[in-house]
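Bear in mind the structure is a predicted one, so any value in this text is a computation, not a measurement. Throughout, residue positions are numbered sequentially from 1 according to the sequence presented.
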Amino acid sequence: MRSKEDRGDMNVFVALNRAAGQTVCEQVRESLDSHLRSSRMSYKIHETQKGENLGEIVRDAMRQGFDIAVAAGGDGTVSAVIDGIAGSPVPLGIVPTGTGNLIARELSIPEEIDDAVRLIAGTPQSRKIDAMKIGGRVFVLNASIGVSATVISDTTRKSKKYLGRIAYFFTTILKIFTLKRRQIVVTVDGIGQEYRAIEAAIMNCGILAKMLYPKAPEIRIDDGYLDILIIGTKPFRDYPLYLFGILAGRTPDIISRFIKVRRNVAIRSDVPLKVQADGDMIGTTPLEIEVMPSAVTVLVPGEDMSIPSLDSDHKTVE
């Protein structure tokens with residue numbers, strides 16, 4: 001990345017999620033106009049459309065010569081833009097406008113729109129993060145089968161609009177007593193093991209892991225590994241207590257196994273089970289995932305959070 005003084009010819013592609021609402025989108029536009037133009041950077045805004053393949057749109061934009069890809073939206077938008085640039089030298093800028101904004105929070109990116117855009121327009125540092133490939137698509141937060149996938153599938157858009165993240169909790173309460181442990185085979189880096197489980201979660205994001213499983217070991221988004229949490233050998237009645245414990249800040253340890261994945265993981269089940277990745281339903285088991293170490297370069301603040309310089313060779317923040 002060039003210094004701020006010689007970045008006037010840089011082109012920025014912005015994927016703007018309109019679902020954030022007109023007011024938020026206007027704030028993003030005004031901030032882009034103010035900060036990018038003041039840095040003499042040109043930009044193009046693409047407003048996302050329901051049902052489109054945003055990853056392919058981003059890939060096409062990068063072939064046209066854009067220097068930076070920006071995701072202005074929630075984690076779903078960020079994930080889709082990452083799908084479009086993973087494995088390339090093009091850096092990602094994030095303007096968080098979603099509900100959870102887990103990827104931005106994981107990387108200490110400012111949550112205020114103006115601060116996030118100012119970071120991109122300034123001279124930020126970069127940080128390489130890992131990703132996971134499922135089929136032909138790249139994801140970055142997590143993938144799972146079992147309880148979480150069923151809850152994500154069955155929580156309506158309407159309930160999320162009015163209740164926010166708490167909507168998932170109510171769906172879980174409705175579903176938890178009808179879910180059963182299932183026989184699954186988890187193969188990690190060529191070694192398989194059978195389990196009876198109600199959940200198998202493949203995690204790449206530490207902040208998300210701690211939210212869902214507070215007693216999980218440390219998980220990093222840039223360590224070159226994925227991490228699998230398998231839940232199911234504890235008494236089934238522990239799970240409702242665990243859900244209430246999350247709200248109260250006190251949770252039992254319900255993790256049966258914790259496994260690090262270096263290269264790949266596959267999950268097969270005795271019956272087809274729903275699979276979610278980064279909050280989207282992507283099909284049913286069997287599930288095969290490839291680890292993508294250091295797949296994406298993200299523009300981030302420096303250690304002092306004051307938007308320091310990004311040197312010419314994309315130095316990675318350790």
Side-chain angles (χ1 to χ4, degrees), residues 1-52 54-55 57-58 60-62 64-85 90-127 140 157 160-162 164-165 296-302 304-310:
M1 181 71 70
R2 286 160 278 185
S3 65
K4 186 174 182 179
E5 287 72 20
D6 61 357
R7 293 171 71 189
D9 60 342
M10 296 194 72
N11 296 318
V12 181
F13 180 84
V14 182
L16 175 61
N17 188 347
R18 296 189 303 172
Q22 183 176 351
T23 300
V24 171
C25 287
E26 284 302 315
Q27 290 177 352
V28 172
R29 288 179 177 276
E30 290 173 5
S31 190
L32 290 170
D33 187 67
S34 172
H35 297 298
L36 295 190
R37 289 192 186 281
S38 68
S39 295
R40 297 179 294 110
M41 301 166 72
S42 60
Y43 66 93
K44 175 183 177 181
I45 296 176
H46 169 79
E47 294 190 357
T48 62
Q49 305 290 330
K50 184 177 181 180
E52 71 182 4
L54 182 55
I57 291 170
V58 172
D60 183 63
M62 298 308 105
Q64 295 175 36
F66 283 91
D67 301 293
I68 300 174
V70 171
D75 289 313
T77 304
V78 176
S79 175
V81 173
I82 284 176
D83 179 52
I85 63 172
V90 175
L92 170 71
I94 300 176
V95 181
T97 67
T99 303
N101 299 319
L102 296 173
I103 302 172
R105 290 163 60 191
E106 180 87 5
L107 299 172
S108 300
I109 290 171
E111 294 189 62
E112 293 295 327
I113 290 173
D114 205 54
D115 292 338
V117 175
R118 186 183 296 112
L119 167 66
I120 297 166
T123 52
Q125 289 188 344
S126 65
R127 180 175 174 183
V140 69
R157 184 180 297 272
K160 287 187 288 185
K161 178 180 179 180
Y162 290 103
R165 281 176 287 179
V296 184
T297 300
V298 186
L299 303 180
V300 300
D304 63 356
M305 298 296 291
S306 60
I307 315 179
S309 64
L310 173 65

For residues 17-28, tabulate all N or O donor-acceptor pairs below 3.5 Å that involve a side-chain atom, not counting sequence neighbours.
unit_1: Asn17; atom_1: OD1; unit_2: Ala19; atom_2: N; d: 2.9
unit_1: Asn17; atom_1: OD1; unit_2: Thr48; atom_2: OG1; d: 3.4
unit_1: Asn17; atom_1: ND2; unit_2: Thr77; atom_2: OG1; d: 3.0
unit_1: Arg18; atom_1: NH2; unit_2: Gln49; atom_2: OE1; d: 3.1

Just how far is it from atom CG of Leu92 to atom CZ of Arg127, taken to the nearest 0.5 Å? 13.0 Å
Does His35 offer a backbone N or O that forms a donor-acceptor pair with the side chain of Ser39 under 3.5 Å? yes
Please round to the nearest 0.5 Å and tell me the distance separating atom CD1 of Ile82 and atom OG1 of Thr297. 10.5 Å
At their closest point, which heavy atom of Ile103 faces which heavy atom of Ser79, and how far apart are they? CD1-N, 4.5 Å
Test your reading of the model: is there a side-chain donor-acceptor pair from Asn101 to the backbone of Gly98, 3.5 Å cut-off? yes
What distance do Leu54 atom CG and Ile57 atom CD1 have between them, rounded to the nearest 0.5 Å? 5.5 Å
What distance do His46 atom NE2 and Glu52 atom CD have between them, rounded to the nearest 0.5 Å? 3.5 Å
How many angstroms lie between CG in Leu299 and CD1 in Ile68, if you round to the nearest 0.5 Å? 5.5 Å
Please examine the side chains of Val58 and Asp83, heavy atoms only from C-beta on, and report whether any two atoms are closer than 4.5 Å. no
Check the orientation of Phe13 and Phe66. Use parallel for under 30°, tilted for 30 to 60°, and perpendicular for over 60°. perpendicular
Checking Val95, Ile113, Asp115, Leu36 against Ser31 for side-chain contact (heavy atoms from CB on, under 4.5 Å), the one that qualifies is Ile113
Contacts of type side-chain hydrogen bond (donor to acceptor under 3.5 Å, both in side chains), residue Glu47, not counting sequence neighbours: Arg29
If you round to the nearest 0.5 Å, how far is CE of Met41 from CG of Leu32? 10.0 Å
Side-chain (Arg37) to main-chain (Tyr43) donor-acceptor, under 3.5 angstrom: no
Under 3.5 Å, is there a donor-acceptor pair between the side chain of Asp67 and the main chain of Asn11? yes
Considering all heavy atoms of both residues, which atom of Ala116 and which atom of Pro110 are nearest to each other, and what is their separation? CB-O, 3.7 Å
Quick one, Val70 and Ile120 - any side-chain contact, counting heavy atoms below 4.5 Å? yes
